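Worksheet: one structure, shown below.
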Number of protein chains: 2
Amino acid sequence: MAVTDEAIEKIKGMIVSGALRPGDRLPKESELAADLGLSRNSLREAVRALSLIRILDVRQGDGTYVTSLDPQLLLEAMSFVVDFHRDDTVLEFLAVRRILEPAATAMAALRISEQQLDALTAQLDKLGDDPSVEDLVACDLEFHRGIVQSSGNSVLCSLLDGLSGPTTRARIWRGLTQEDAVGRTLREHRAILAALRDRDAEAARSWATVHIASVEQWLRSTL
Amino acid sequence: MAVTDEAIEKIKGMIVSGALRPGDRLPKESELAADLGLSRNSLREAVRALSLIRILDVRQGDGTYVTSLDPQLLLEAMSFVVDFHRDDTVLEFLAVRRILEPAATAMAALRISEQQLDALTAQLDKLGDDPSVEDLVACDLEFHRGIVQSSGNSVLCSLLDGLSGPTTRARIWRGLTQEDAVGRTLREHRAILAALRDRDAEAARSWATVHIASVEQWLRSTL
DNA sequence: TGACCTGATACGTCGGAGGTCTTGAGCGAC
DNA sequence: GTCGCTCAAGACCTCCGACGTATCAGGTCA
């Protein structure tokens, strides 16, 4: 195994074992390199790799730190990965989202606060009946994110955030707006919100399923 | 932005735009560094980072290639990330798995082949009534993986594979085997298999839910 | 007291020099 | 003709030393 890969494993080990805790500062590059028995250049490759997936946070002129390791932060790196997928796997991602999002919406129905319900309502009201494509995409993303956050599971939230990444969503909407789907989407958002306000988990789940299934159906007929 | 980060973005751009396709070979380090306008050392950091998340495949003595970019390969990197999470977020991961796995099992009930059913049966038979901890862990992992693969969604499969990563699973089982849970787990596996053989999606879904919920319950009472 | 300057510290970038591994061409034995 | 070996070229691996740049702490001066 290459020395850089060993270094990655060792640093990972230090964090997993608890020798390095979230927020801790690593020894400076030259020292750490000496400790791990490799050159500074090779160590930097290891640090850079761990920095890309948000395990480490490197600050020039200051030092290198372990991040908070929040699920949200770590799974955020997943959206980087999702960006690489081509259209032929979008349906599979959507199918997973079709499983997760209704469940998350149902969970949210039992926990969401009145404030958040009001915030979602205001958000939909602000959009109006005939929004621009950019506004619609942004709103859709925010609407679903707001609901999923109320599910209380940060892993679930981050996962869905990654799955519904900007790229995927944008690709879908680009063509979707050409049909009548805009109006239907807005109506479905209203229906989901109403179910949440009623604390009706099953209705919320069903509306979320319908909502995603309609996108899926359209996408399937297009590809 | 640092030159290395720029290089990461540029390489990513070349892949996403289609200039580099899966399996393609990159120019050699010195050339690519010259093209992108940075030193070989800095470029290597970018390549190493993309290699960690399985975007690039570096072969010493040969060259650097774009991987197949299969969802399976890319999401495999997720298990690396999951390893960093401590016990306090295990429950959240398990909750997500509790959503996905029953759905995957239900999907599998409609698609699984006779051969695979036989293979799963043989696998359970081979294990016997009083297996060792190592065998049980390996069997559990294989059993669920086999079912999820039959769901026909590779993204779903990879995602569950990452969530049920070896670390998490091992931690759970280590203590779980101290109680009577072994026998119950084996019986639940049998029940899931029977439901699959009956092509009864709802029964399969329910048994999978029960199966995971029992683990979740035990874990919740322990932490 | 507060703004500014300055030195120490640590990461960022670079160029070059060997080392190691893979590959494929060339060549001889069977 | 085919198989196996040798060997050289190509490409990545590792290291070193130097210099650039950003941050922070402490001191200076108005």
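No hydrogens, no waters, no symmetry mates; every other heavy atom, side chains included, goes into these values. Keep in mind it's a predicted model, so treat the numbers as computed, not measured. We name chains A, B, ... by the order of the sequence lines, and we start the count at 1 in each one.
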Note: [X]-[Y] ion pair, threshold 4.0 Å (strictly below):
{"X": "A/Asp70", "Y": "A/Arg54", "value": "no"}
{"X": "B/Arg48", "Y": "A/Asp5", "value": "yes"}
{"X": "B/Arg25", "Y": "B/Asp57", "value": "no"}
{"X": "B/Glu142", "Y": "B/Arg145", "value": "yes"}

Exercise. Give a yes/no answer on whether the side chain of B/Thr4 brings an N or O atom under 4.0 Å of OP1 or OP2 in C/dG12.
Key: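 It does not, given that no N or O in the side chain of B/Thr4 lies less than 4.0 Å from OP1 or OP2 of C/dG12.
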Practice problem: Verify the contact: side-chain N or O of A/Thr64 to OP1 or OP2 of C/dA10, cut-off strictly under 4.0 Å; return yes or no. | Solution: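 Negative; the distance criterion is not met.
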Roughly, in whole Å, what's the span from [atom1] in [X] to [atom2] in [N]?
{"X": "A/Met1", "N": "C/dC21", "atom1": "CE", "atom2": "C1'", "answer": "17 Å"}
{"X": "B/Leu43", "N": "C/dG15", "atom1": "CG", "atom2": "P", "answer": "13 Å"}
{"X": "A/Glu45", "N": "C/dC11", "atom1": "CD", "atom2": "P", "answer": "16 Å"}
{"X": "B/Leu38", "N": "C/dG15", "atom1": "CG", "atom2": "C1'", "answer": "13 Å"}
{"X": "B/Glu29", "N": "C/dC14", "atom1": "CD", "atom2": "C1'", "answer": "15 Å"}
{"X": "A/Lys28", "N": "D/dT23", "atom1": "NZ", "atom2": "C1'", "answer": "15 Å"}
{"X": "B/Leu32", "N": "D/dG10", "atom1": "CG", "atom2": "C1'", "answer": "16 Å"}
{"X": "A/Leu56", "N": "C/dA10", "atom1": "CG", "atom2": "C1'", "answer": "15 Å"}

Quiz item: Relative to the 5' end of DNA chain D, which residue comes earlier, B/Arg48 or A/Arg59, by the nucleotide with the nearest heavy atom?
Solution: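 Closest to the 5' end, via its nearest nucleotide, is B/Arg48.
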Which nucleotide in [options] has an atom nearest any side-chain atom of [X]:
{"X": "A/Ser39", "options": "C/dT13, D/dC16, D/dC12", "result": "D/dC16"}
{"X": "B/Asp62", "options": "D/dC12, C/dT13, C/dT23", "result": "C/dT23"}
{"X": "B/Arg44", "options": "C/dG12, C/dA10, D/dC13", "result": "D/dC13"}

Distance-only donor-acceptor test, [X] side-chain atoms vs [N] base atoms, 3.5 Å:
{"X": "A/Arg40", "N": "C/dG12", "result": "yes"}
{"X": "B/Asn41", "N": "C/dG15", "result": "yes"}
{"X": "A/Gln60", "N": "D/dT21", "result": "yes"}

Quiz item: Under 3.5 Å, is there a donor-acceptor pair between the side chain of B/Arg111 and the main chain of B/Ser150?
Solution: yes
